[in-house]
Amino acid sequence: MAWIFSLPSLITKHKKITPFEIHTCLNLKFIKHFCFSSVQHPHELDHCIKSNSFYESLIDNSTHITHLYQIHDKLIVSGLQHNRFLITKLVNGCSNIGHIFYARKLFDEFPDPDLFMWNAIIRSYSRNNMYMDVIEMYRWMRLVGLHPDKFTFPCVLKACSELLDFGLSCLVHAHIIVYGFGSHVFVQNGLVVLYAKCGCIDMARVVFDRLYDRTIVSWTAIISGYAQNGEALEALRLFNQMRNTDVKPDWISLVSIMKAYTDVDDLEQGKCLHGCVIKTGLEDEPDLLISLTAFYAKCGLVTVARSFFDQMKTPNNVMMWNAMISGYAKNGHAEEAVDLFRSMISRNIQPDSITVRSAILASAQVGSLKLAQWMDDFVRKSKYRGDIFVITTLIDMYAKCGSVESARGVFDRASVKDVVMWSAMIMGYGLHGQAWEAIYLYHAMKQEGVCPNDVTFIGLLTACSHSGLVKQGWELFHCMRDFGIKSRNEHYSCVVDLLGRAGYLDQAFVFILKMPIEPGVSVWGALLSACKISRSVTLGEYAAQKLFSLDPYNTGHYVQLSNLYASSRMWDRVAYVRVLMKEKGLIKYLGYSVIEINGKLHTFHAGDMSHPRAKEIFDELQRQERRLKEVGFVPHTESVLHDLNYEEKEENLCIHSERIAVAYGLITTAPGTTLRITKNLRACVNCHSAIKLISKLVEREIIVRDANRFHHFKDGLCSCGDYW
DNA sequence: GTAGGGTTAG
């Protein structure tokens, strides 16, 4: 009977078994053909086709559901339809190729399924991401009196962690203890993952600490758990602890630790881990290459990331494309991200929903309305036109590209709206200083029965502070409690901004002192910029000191303090801040503005003469200066002179990058065309006043996106109401 | 004879 065991290898010689071949096989011709010499007597042949291992190898080698249908038919004909082992095998086979409904049919038709079969159907649902069904089957199984075992619990725990049902999770944990799996390593690993996913990382840690025999899976579960809960440093500490044990990292553990380094942007540690990857000889592992690409891209070494990307052996790996595209987008290389997305499309590689979202995110950063429309068009023609995540990203993109109307169009077309989509639209209005629209939408959302969340309120509060609606903002802030939403630093900083801008500086300060959580960078930052508006040097200096201790290497805080001194004409202190920055080795950002003309982006720096039409641009600038003077415009010379936020002072104030972009827009577009400009820094006082007047003089709408928000200049006024 | 950990992301 030795030849029976060679059957699997005979079958696998056929790289892809066709239904016809399976059929042939089941008709014995196959066996006769291949094994004729081995079969001495007909009864041996008969024995062979009734043996489990014969069918087992057939099932294992089936790649199509029709194979399994035929095998099942043959089992029935051979009277083997009640063979537990083979039917369980078939259930597994069906679920492996995604035919969960046939697996369920086999299960339902089996008279008295045993624990093995129950585990098989539960695992089938788990593999096919049908977690509600996992729980349903688990309940049913207990109802019929079967005790779950060490194979049942990992699947059930996975389902709990995907469903994020904390109550259910606790119940299952209780079952685990009752049935005696309180120290089984596979089951406990599942608990670690479950608690980490539910945000109870401390509970996960308790389970992990009590684990007697920690495997690489246990370590990976706790390390990635910390990483997912935003505690990357603890994740890394545990990784180092693991390296002092006998447990050797494998590629999955390295992927999750790489993710932790990516989250904290720790280039040096990440490079060390890369070394570790090479030492373990796992550097060709495709998914590890994706993680390395994502890591280097996020940390700014896009060229290194790109070299990994270019080495990719399977060009159709969407995750690799996603890692590179999102890496470019996150790191200020938005145009490269869009280019890569386009090249992916042109190569006929199917993007998934994440690719599309990353590309839209990149388009939002580029700020070009033409590109935004192209992306919108792409989505409408694709299978993602109904994807709630993609639509939300589109709304955000249009708002960031200056067209809150188009954002609203996308929003109105969406058939299903969840809280994130409503919040994105509210945020969009906030960005454009249309606070009343934001508030109106908030009420409409509640009317639709959608409950606001913390993000909704960030949008609302931002909108109120951008428009100076102090009373409304204050009321909304207090509404949060009614929805059981805890205020975060972002909410507090909006309120500080709201009070501070409107001149209630003392109230803002008292508000900070009363905060139940430690005030963060954003809160003190809001106070400092409010101090600049009302020229409150003492309080501003206090805020700045807090900022310097919390976030010492952020150029922005020094710039803000310097602006505060400049607004109070304290030039010696302005100079002092400059020295302070030099000592810390901080350099100020180079300002630039981008304008889109006929779908092409033109970038200008301060005093930029490099454009082919520089001569015409400067003629236009001079013409504007003359007209501004004629209507009595007085440049804010002194403050600009010392304002570190803006481009190096040139002889003429009008050559800040946004003014050059406006001039270029005016000479290249038809009268009445709206100009759309994006600036990387905040708008300067002088340019802001000048552009307001220019919008009136040339009868144009000029929309400027600065680092914080949008300014819609029209008829001599700005939508920001001069608060920014 | 069955199983557990990970990556891209509104």
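The sequence lines fix the lettering, A, B, ..., with proteins before strands; numbering per chain opens at 1. In what follows, every heavy atom counts, from backbone to side chain, and hydrogens, waters and symmetry copies are set aside.
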Between [options], which one does the side chain of [X] approach most closely?
| X | options | result |
| --- | --- | --- |
| A:Thr393 | B:dG10, B:dT8, B:dG5 | B:dG10 |
| A:Asn119 | B:dG6, B:dT2, B:dT7 | B:dT2 |
| A:Phe186 | B:dT7, B:dG1, B:dG4 | B:dG4 |
| A:Ser358 | B:dG1, B:dA9, B:dT8 | B:dA9 |
| A:Ser224 | B:dG10, B:dG4, B:dG6 | B:dG6 |
| A:Phe85 | B:dG6, B:dG1, B:dT8 | B:dG1 |
| A:Asp352 | B:dG10, B:dT8, B:dG6 | B:dT8 |

Rounded to whole angstroms, how far apart are [atom1] on [X] and [atom2] on [N]?
| X | N | atom1 | atom2 | result |
| --- | --- | --- | --- | --- |
| A:Met137 | B:dT2 | CE | C1' | 16 Å |
| A:Ile122 | B:dG4 | CD1 | P | 13 Å |
| A:Phe389 | B:dG10 | CZ | C1' | 6 Å |
| A:Leu273 | B:dT7 | CG | P | 14 Å |
| A:Ile59 | B:dG1 | CD1 | C1' | 12 Å |
| A:Glu162 | B:dG4 | CD | P | 12 Å |
| A:Arg357 | B:dT8 | CZ | C1' | 9 Å |
| A:Asp60 | B:dT2 | CG | P | 10 Å |

Quiz item: [X] side-chain donor-acceptor pair to [N] base, under 3.5 Å:
| X | N | result |
| --- | --- | --- |
| A:Thr392 | B:dG10 | yes |
| A:Asp250 | B:dG5 | yes |
| A:Asn189 | B:dG5 | no |

Give [X] one of three labels, base, sugar-phosphate or nothing, depending on what nucleic acid heavy atoms sit under 4.0 Å from its own.
| X | result |
| --- | --- |
| A:Thr152 | nothing |
| A:Glu285 | nothing |
| A:Asp418 | base |

Revision key, fill the gap. Per the under-4.0 Å heavy-atom filter, residues of residues 304-342 of chain A near DNA chain B come out as A:Met319, A:Asn322, A:Ser326, A:Lys330
Exercise for review: Under 4.0 Å from any atom of DNA chain B, heavy atoms only: list the residues of residues 191-222 of chain A that qualify, in numerical order.
Suggested key: A:Val193, A:Thr215, A:Ile216, A:Val217, A:Thr220
Check your understanding: Donor-acceptor pair, A:Arg104 side chain versus A:Ile121 backbone, under 3.5 Å?
Key -> no
Practice item. Could I get the full list of ring-ring contact (aromatic ring centres under 6.0 Å, His included) partners for A:Tyr131, not counting sequence neighbours? Key: none
Practice item. Using ring-ring contact (aromatic ring centres under 6.0 Å, His included) as the criterion, list what pairs up with A:His274, not counting sequence neighbours. Key: A:Tyr296, A:Phe308
Check your understanding: To the nearest 0.5 Å, how far apart are CG in A:Leu146 and OG1 in A:Thr152?
Key -> 9.0 Å
Check your understanding: With A:Tyr179, which of A:Lys150, A:Arg142, A:His184 fulfils side chain to side chain donor-acceptor pair (under 3.5 Å)?
Key -> A:Arg142
Practice item. For this output row, return yes or no: ring centroids of A:Phe378 and A:Phe341 closer than 6.0 angstrom. Key: yes
Study note, to complete from the structure: Applied to residues 315-326 of chain A, the side chain to side chain donor-acceptor pair (under 3.5 Å) test, sequence neighbours excluded, yields A:Asn322-A:Asp352, A:Asn322-A:Thr355
Practice item. Would you please confirm or rule out a distance under 4.0 Å between OP1 or OP2 of B:dT2 and any side-chain N or O of A:Lys89? Key: no
**Study point:** A:Phe116-B:dG1 aromatic stacking (under 5.5 Å, under 30°)
**Key:** yes
Point to revise | Heavy-atom check, side chain of A:Thr303 versus side chain of A:Arg306, under 4.5 Å | key: no
Check your understanding: Between A:Glu234 and A:Arg205, is there a side-chain N and carboxylate O pair less than 4.0 Å apart?
Key -> yes
Point to revise | Ionic contact status for A:Asp263 with A:Lys298, cut-off 4.0 Å | key: no
Check: residues 410-419 of chain A side-chain donor-acceptor pairs under 3.5 Å, at least two apart:
unit_1: A:Asp412; atom_1: OD1; unit_2: A:Arg408; atom_2: NE; d: 3.0
unit_1: A:Asp412; atom_1: OD2; unit_2: A:Arg408; atom_2: NE; d: 3.4
unit_1: A:Lys417; atom_1: NZ; unit_2: A:Phe411; atom_2: O; d: 3.4
unit_1: A:Lys417; atom_1: NZ; unit_2: A:Ala414; atom_2: O; d: 3.0
unit_1: A:Asp418; atom_1: OD1; unit_2: A:Val420; atom_2: N; d: 3.2
unit_1: A:Asp418; atom_1: OD1; unit_2: A:Met421; atom_2: N; d: 3.0

